[in-house]
Peer 1: 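Structure provided below as structure tokens; questions to follow.
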Amino acid sequence: MDLPKEYNFKEVEKKWQKRWGKDKLYKFDPKSQKKIFSIDTPPPTVSGNMHIGHAFSYAHEDFIARFKRMNGYNVWYPFGTDDNGLPTERLIEKIKSVKAKDIRRDEFIKLCSKTLKDIRPDFIDDWIKLGMSCDFTEIYSTIDEQSRKISQKSFIDLHKKKLIYQEETPVSWCTTCNTAIAQAEFENRKLNSHFNDVVFLVGTKEILISTTRPELLPACVAVFVNPKDKRYNKLAGEKAKVPLFDYYVPILKDERVDINKGSGAVMCCTFGDMVDVEWWREYKLPLKVTITKDGLMNNEAGNYEGLTIKKARHKIIEDLETNGLLKEKRQITHNVNVHDKCGTELEILKTKQWYIRIMDNKKKLIEQGKKIKWHPEYMLKRYINWVENLQWDWCISRQRFFGVPFPVWYCKKCNEVKIAEEKDLPIDPLYDKPKGRCNCGCSEFVGENDVMDTWATSSVTPQIVLDWDKKGKVPMSLRPQGHDIIRTWAFYTIVKSYYHFNEVPWKDIMISGFVTLQGEKMSKSKGNVINPQDIFEKYGADALRFWSASMEKEVQAGLRTIIKLWNASKFSIMNLQDYKLEKPKKMEVIDKWILGKLNKVINESMEFFNKFDYSKNKMEVERFFWNTFCDNYLEIIKNRLYGGDKIKRLSAQYGLYTTLLNIMKMFAPIMPHITEEIWNLYFKDKEKVESIHTSEWPIYDKKFEDGNIEEIGDKFVEILGKIRQFKTSNKISLKTEVSLTLEKKEYNLLKEALADLKAVANAREIKEGKFNITLC
RNA sequence: GGGCUUGUAGUCUAGUGGCUAUGACGUAUCCUUGACAUGGAUAAGGUCGGAGGUUCAAUUCCUCCCAGGCCCACCA
């Protein structure tokens with residue numbers, strides 16, 4: 001059967017996506033004896049469409065999945081969606097016009113699960129349209145029953161191992177989201193502010209304190225000066241009077257005070273920053289809290305009670321000014337940590353939270369990171385850098401409504417913690433009752449209100465997809481993910497895997513870069529965003545995938561390659577109609593040459609892919625296909641394909657079939673649709689395999705390596721180039737007949753290929769002598 | 001300030017201690033050859049960011065500088 005004249009990517013891509021789904025081509029077979037290759041797929045968040053960055057990174061992992069599948073692995077490539085967290089909470093609130101806090105927590109989670117089930121197919125459609133080869137028959141959600149169960153089980157296991165503890169301690173707090181947050185959720189912002197020189201009185205003397213946060217004056221518990229600072233060090237031990245609030249705090253010496261910053265004297269408040277926390281701890285200072293969890297001033301702030309932090313700041317500055325207590329006000333910009341979800345400036349509040357131990361085990365966690373192969377390698381350094389610089393244990397409790405509940409109750413009488421039993425999971429302690437009594441004999445409990453940090457659940461995706469360890473054990477084969485979540489997803493997963501199993505979660509981790517457009521990062525504000533949905537429409541998924549496999553800036557190159565692939569296949573298959581897979585007894589030298597070249601590419605392609613370097617693989621295969629195969633080989637053998645000699649024709653057919661077949665296979669991971677279509681139309685019957693994606697990857701065979709043949713072929717191409725150059729510079733058609741004279745050395749070398757050369761060059765004759773091309 | 005990373009023709013990019021530095025897009029000229037004009041052929045275009053150093057030899061290794069990017073720290 002001939003190929004249709006034109007390739008209709010829209011129809012073909014849709015057709016195969018449907019078929020693959022229907023045939024369950026990518027379904028994981030747990031009974032298979034093949035070696036497993038498992039991928040810890042990143043679950044995207046349902047609230048929002050697929051963007052181009054997604055498209056690229058998911059395409060990249062799919063290349064690997066398809067390559068491994070063709071290499072005989074039993075590929076476990078699960079798919080899930082991340083529905084645990086603020087974005088989902090907001091989405092459901094919007095769709096269903098409800099407020100999470102007005103509903104029972106378990107009801108809200110149910111509502112989410114139900115709603116997500118409805119909208120998920122639509123959302124996942126983009127991933128299917130991209131041609132992903134995940135097993136879409138079982139899709140997990142990070143809030144579903146299984147995920148809650150595993151997440152709670154993880155908590156219980158770590159609690160047993162004493163790696164989780166609860167403590168009331170200063171923690172970073174978001175006053176908008178009303179919850180504690182972890183260091184990993186900090187985002188840095190450059191903000192404008194004022195440096196205010198405020199007058200503190202020491203006896204009758206004035207001492208200036210520079211502060212950007214005068215609203216914390218009522219939280220001031222000490223003044224610090226540097227022991228080496230001659231201006232102030234004599235004052236140590238005395239008391240300073242806090243302006244406006246008129247109470248006294250001690251003046252203390254500490255080397256952490258920067259003499260050159262501001263006035264050189266600092267007030268310590270509970271809490272303005274991390275140094276305040278350190279001083280508060282070390283010097284056993286009292287706690288004076290002036291800010292509520294919602295970001296309002298409390299009764300400690302006296303007249304300012306009830307004001308927001310910002311309003312209080314303005315009011316206090318005004319009052320300082322009118323009382324002559326403000327000496328100077330300078331505008332500055334400084335970096336402030338804000339909550340990555342909402343942009344609110346973070347406060348430090350002393351609250352009771354659950355923590356997972358990190359600080360004690362930093363060295364070991366770095367060691368774990370080193371046991372994983374990072375792609376690219378230097379990303380490991382980012383990991384190490386992050387772990388080394390961690391300041392706090394991982395705070396996993398959030399004062400939110402939506403999320404995985406802690407499997408924890410507190411005894412009403414003695415406040416002792418009671419942990420749920422594993423067989424009852426998942427539970428919600430607000431509505432489920434614990435079994436048995438507290439050690440104190442009391443049988444009444446209060447459920448834990450807090451929910452877990454979403455990362456506490458995301459960090460067990462290997463256990464979710466492996467059903468803890470029923471379907472397989474860590475390490476999984478591969479984690480693909482973005483560089484921006486090394487500090488969260490990668491790190492926390494490594495932590496959990498280490499604590500639970502003393503094992504790394506995966507053997508390899510592949511970090512995708514970010515998509516740039518002409519060197520610029522794509523962003524909505526720059527207006528240079530490209531939607532994958534538009535690309536699917538205009539160019540198709542294969543073109544998008546092809547594009548993502550390289551650094552080119554245009555998708556169009558992808559579509560061109562696809563059309564070229566179609567046309568080259570059409571031509572080849574047209575000339576292979578009568579080919580019955582026979583192997584010619586005698587092969588022409590050019591046909592041997594193309595097989596040698598092909599074999600080299602097969603070898604390289606394998607090497608690149610094994611290093612997850614799909615981009616170099618693409619480059620090599622593309623170059624071979626376009627340049628060597630289309631521009632040279634096809635042109636050379638045309639004459640033999642058309643012409644009379646049956647043996648020579650068969651030799652060409654053999655070369656053509658073998659080369660095209662293997663090009664198809666090597667392109668299959670990158671462009672799964674068109675290769676499947678051509679496979680289906682032609683190769684399927686010959687190769688007796690239903691899908692190209694379950695066919696065998698080309699095998700490298702050393703016996704095709706023949707230096708002598710390669711020399712002949714390369715010389716052939718070189719001379720062909722000279723002939724083309726001659727014709728072009730004389731502005732004549734390549735069809736024009738010429739007369740060719742070759743040097744003796746070359747003439748002898750090319751002896752067996754002269755007929756082919758004569759044909760492709762359109763030479764009337766080839767003589768021996770001084771190299772020369774002439775018009776006839 | 002610390003760490004990482006990049007700097008190659010108009011644009012994007014490959015690459016290596018040594019033959020004439022890769023490819024694509026774009027440009028120019030030609031070719032309507034029986035798969036493909038979304039094609040083919042040919043050509044022009046580069047002091048490989050700058051300055052030193054190691055070396056017989058550096059775009060490639062080292063140092064410094066300049067310019068981007070990413071992550072972190074810096075909140076008095």
Side-chain angles (χ1 to χ4, degrees), chain A residues 2-3 5-7 183 186 188-191 193 195-196 198 209-214 216 220 223-224 256-258 261-269 272-276 279 332-338 345-346 348 376-386 388-391 483-484 486-487 513-514 516-521 539 550-554 556-575 615-616 619-620 622-623 626-627 630-631 634-635 638 641-642 720-736 760 762:
Chain A
D2 277 340
L3 262 48
K5 185 161 168 41
E6 269 169 28
Y7 176 65
Q183 197 181 341
F186 292 6
N188 240 265
R189 288 258 173 94
K190 259 212 168 98
L191 295 175
S193 183
F195 223 2
N196 306 287
V198 179
I209 303 278
S210 302
T211 178
T212 54
R213 302 204 56 188
L216 288 179
C220 177
V223 164
F224 279 90
R256 272 163 279 192
V257 179
D258 184 346
K261 194 163 181 178
S263 63
V266 162
M267 66 173 182
C268 169
C269 307
D273 62 20
M274 275 304 285
V275 181
D276 286 348
W279 280 335
I332 53 155
T333 53
H334 63 168
N335 288 302
V336 179
N337 281 326
V338 299
E345 293 179 45
L346 295 174
I348 299 171
E377 219 174 322
Y378 69 79
M379 288 295 179
L380 168 63
K381 285 182 188 159
R382 286 211 187 173
Y383 170 85
I384 293 172
N385 204 311
W386 170 256
E388 274 174 349
N389 289 308
L390 273 167
Q391 302 290 319
H483 63 98
D484 50 331
I486 291 175
R487 64 181 187 174
F514 44 93
T516 57
L517 190 69
Q518 285 155 8
E520 265 187 282
K521 202 174 167 180
Y539 303 96
S550 59
M551 287 296 149
E552 282 154 27
K553 59 175 181 176
E554 287 180 53
Q556 220 161 344
L559 186 55
R560 253 177 234 157
T561 305
I562 285 154
I563 293 168
K564 187 82 178 172
L565 191 61
W566 184 257
N567 285 319
S569 303
K570 191 168 66 181
F571 170 79
S572 305
I573 289 165
M574 204 165 73
N575 287 290
S615 113
K616 280 212 193 77
M619 244 170 46
E620 285 308 311
E622 188 194 3
R623 190 172 304 175
W626 205 297
N627 203 273
C630 290
D631 294 344
L634 287 186
E635 292 304 322
K638 260 180 187 173
L641 287 173
Y642 299 149
L720 180 59
K722 280 181 183 160
I723 295 161
R724 283 167 171 168
Q725 190 176 25
F726 170 81
K727 290 182 179 177
T728 299
S729 60
N730 283 295
K731 300 192 175 183
I732 55 174
S733 163
L734 291 177
K735 209 170 72 175
T736 315
V760 72
N762 241 302

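Values below: every heavy atom of this structure, side chains too, minus hydrogens, waters and symmetry copies. Since we're looking at a predicted model, the values are computed, not measured. Reminder, nothing fancy here: chain letters follow the sequence lines and each chain counts from 1.
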Peer 1: Taking the same atom, P, in rG1(B) and in rG17(B), what whole-Å distance lies between them?
Peer 2: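 Going atom to atom, P in each nucleotide, I get 34 Å.
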Peer 1: Measuring only the C1' atom in each nucleotide, how far is rA51(B) from rA67(B)? A whole number of Å is fine.
Peer 2: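 Comparing C1' positions in rA51(B) and rA67(B) gives a spacing of 15 Å.
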Peer 1: Please state the P separation for the pair rG50(B) and rC66(B) - nearest whole angstrom.
Peer 2: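 Rounded to whole Å, the distance is 15 Å.
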Peer 1: Does the side chain of Leu634(A) come within less than 4.5 Å of Phe571(A)'s, by heavy atoms?
Peer 2: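 A side-chain contact under 4.5 Å exists here.
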Peer 1: For the pair made of CZ in Arg623(A) and P in rG23(B), what is the distance, rounded to whole Å?
Peer 2: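 It works out to 6 Å between those atoms.
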Peer 1: For Lys616(A) and rU16(B), what is the distance between atoms NZ and C1' respectively, to the nearest whole Å?
Peer 2: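 In whole Å, rU16(B) C1' and Lys616(A) NZ are 12 Å from each other.
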Peer 1: Looking at every non-hydrogen atom in both residues, tell me the closest pair between Lys727(A) and Thr736(A) and how far apart they are.
Peer 2: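 Taking every non-hydrogen atom into account, NZ-O, 3.0 Å.
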Peer 1: Can you tell me the distance, in whole Å, between the CZ atom of Arg724(A) and the C1' atom of rU42(B)?
Peer 2: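 It works out to 11 Å between those atoms.
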Peer 1: Watson-Crick or G-U wobble partner for rU63(B), using a 3.5 Å limit on both distances?
Peer 2: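 The answer is rA51(B), by the H-bond criterion.
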Peer 1: Name the nucleic acid region contacted by Phe224(A), choosing base, sugar-phosphate or nothing; use a 4.0 angstrom heavy-atom cut-off, strictly under.
Peer 2: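 No contact.
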Peer 1: Who is the Watson-Crick or G-U wobble partner of rA28(B), with both distances under 3.5 Å?
Peer 2: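 With both distances under 3.5 Å, rA28(B) matches rU42(B).
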Peer 1: Could you tell me which nucleotide pairs with rU16(B) by Watson-Crick or G-U wobble geometry, both distances under 3.5 Å, or answer none if nothing does?
Peer 2: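 By the stated definition (distances under 3.5 Å), nothing pairs with rU16(B).
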Peer 1: Does any non-hydrogen side-chain atom of Arg189(A) lie less than 4.5 Å from one of Asn335(A)?
Peer 2: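 Side chain of Asn335(A) against side chain of Arg189(A), heavy atoms only: no contact under 4.5 Å found.
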Peer 1: Considering only atom P, compute the distance from rU47(B) to rU59(B) and round it to an integer number of Å.
Peer 2: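 One P to the other, the span is 13 Å.
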Peer 1: Would you mind building the protein contact string for nucleotides 1-7 of chain B? One character per nucleotide, 5' to 3', B for base within reach (heavy atoms under 4.0 Å), S for sugar-phosphate only, - for untouched.
Peer 2: --SSS--
Peer 1: Want to settle it: does Glu622(A) or Ser729(A) sit nearer the 5' end of RNA chain B, counting the closest nucleotide to each?
Peer 2: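 Whichever sits nearer the 5' end wins; that is Glu622(A).
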Peer 1: Do the side chain of Lys570(A) and the main chain of Lys5(A) share a donor and acceptor less than 3.5 angstrom apart?
Peer 2: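 Judged by distance alone, yes, a pair lies under 3.5 Å.
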Peer 1: Can you name the nearest heavy-atom pair linking Gly272(A) to Asp276(A), along with the distance?
Peer 2: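 So the minimum-distance heavy-atom pair works out to N-OD2, 2.8 Å.
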Peer 1: Determine the interatomic distance between P on rG69(B) and the same-named atom on rU55(B); round to the nearest Å.
Peer 2: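 Pairwise P distance, rG69(B) against rU55(B), rounds to 37 Å.
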Peer 1: Glu345(A) versus Asn337(A): any side-chain heavy-atom pair under 4.5 Å?
Peer 2: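 Contact flag for Glu345(A)/Asn337(A) side chains = no.
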Peer 1: Answer with base, sugar-phosphate or nothing: what part of the nucleic acid does Trp566(A) contact at a heavy-atom distance below 4.0 Å?
Peer 2: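 If one applies the 4.0 Å heavy-atom cut-off, Trp566(A) turns out to touch nothing in the nucleic acid.
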Peer 1: Under 30°, 30 to 60°, or over 60°: which ring-plane class applies to Tyr7(A) and Trp566(A), parallel, tilted or perpendicular?
Peer 2: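 Judged by the thresholds at 30° and 60°, the geometry between Tyr7(A) and Trp566(A) is tilted.
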Peer 1: Nearest-nucleotide wise, let me know which of Phe186(A) and Gly264(A) is further upstream toward the 5' end of RNA chain B.
Peer 2: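 Going by which nucleotide is closer to the 5' end, it is Phe186(A).
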Peer 1: P atom, rA24(B) versus rA43(B): distance in rounded Å?
Peer 2: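 It works out to 13 Å between them.
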Peer 1: Any side-chain heavy-atom pair from Phe186(A) and Val338(A) closer than 4.5 angstrom?
Peer 2: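 Not touching, per the 4.5 Å side-chain cut-off.
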Peer 1: Please give the distance between the P atoms of rU16(B) and rG10(B) as a whole number of Å.
Peer 2: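 About 24 Å, rounded to a whole number of Å.
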Peer 1: Given atom CD of Gln725(A) and atom C1' of rU20(B), what is their separation to the nearest angstrom?
Peer 2: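 After rounding, the gap between these two atoms is 14 Å.
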Peer 1: CH2 of Trp626(A) versus C1' of rG23(B): gap in Å, rounded?
Peer 2: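 It works out to 13 Å between those atoms.
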Peer 1: Between Ser263(A) and Ile209(A), which heavy-atom pair has the shortest distance, and what is it?
Peer 2: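 Closest heavy-atom pair between Ser263(A) and Ile209(A): OG-CA, 3.6 Å.
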Peer 1: What is the distance from CG of Leu720(A) to P of rA41(B), rounded to the nearest Å?
Peer 2: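 Atom CG in Leu720(A) sits about 10 Å away from atom P in rA41(B).
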Peer 1: Which heavy-atom pair separates His483(A) from Arg382(A) by the least distance, and what is that distance?
Peer 2: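 Where His483(A) meets Arg382(A) most closely, the heavy atoms are ND1-NH1, 3.4 Å.
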Peer 1: Short question: side chain of Asn627(A), backbone of Arg623(A) - any donor-acceptor pair under 3.5 Å?
Peer 2: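 Between the backbone of Arg623(A) and the side chain of Asn627(A) there is no qualifying donor-acceptor contact (under 3.5 Å).
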Peer 1: Could you tell me the separation between the CG atom of Asn188(A) and the C1' atom of rC70(B), rounded to a whole number of Å?
Peer 2: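 In whole Å, rC70(B) C1' and Asn188(A) CG are 13 Å from each other.
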Peer 1: Starting at atom CD of Glu388(A), determine the distance to atom P of rA73(B), rounded to an integer number of angstrom.
Peer 2: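 About 14 Å, once rounded to whole Å.
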Peer 1: Phosphate oxygens OP1/OP2 of rA73(B): is one of them under 4.0 Å from a side-chain N or O of Gln183(A)?
Peer 2: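 Result: yes.
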Peer 1: State the pairing partner of rC4(B); accept Watson-Crick or G-U wobble contacts with both distances under 3.5 Å, and report none otherwise.
Peer 2: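 Result: rG69(B).
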Peer 1: Reading nucleotides 30-38 of chain B 5' to 3', which nucleotides get B (base under 4.0 Å from a protein heavy atom), which S (sugar-phosphate only), which -?
Peer 2: SS-BBBB-B
Peer 1: Could you tell me which nucleotide pairs with rA21(B) by Watson-Crick or G-U wobble geometry, both distances under 3.5 Å, or answer none if nothing does?
Peer 2: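 When the pairing criteria are applied, nothing turns out to pair with rA21(B), so the answer is none.
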Peer 1: Within the 4.0 Å heavy-atom criterion, would you say Asn627(A) contacts the bases, only the backbone, or no part of the nucleic acid?
Peer 2: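 Touches nothing.
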Peer 1: Say we look at rC31(B) and rC48(B): how far apart would their P atoms be, to the nearest angstrom?
Peer 2: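 rC31(B) and rC48(B) have their P atoms separated by 37 Å.
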Peer 1: For residues Met379(A) and Ile486(A), report the shortest heavy-atom separation together with the two atoms involved.
Peer 2: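 Closest pair (atom of Met379(A), atom of Ile486(A), distance): SD-CD1, 4.0 Å.
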Peer 1: When you get a sec, tell me which of rG23(B), rA73(B), rC75(B) is the closest nucleotide to the side chain of Asp273(A)?
Peer 2: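 The closest nucleotide is rC75(B).
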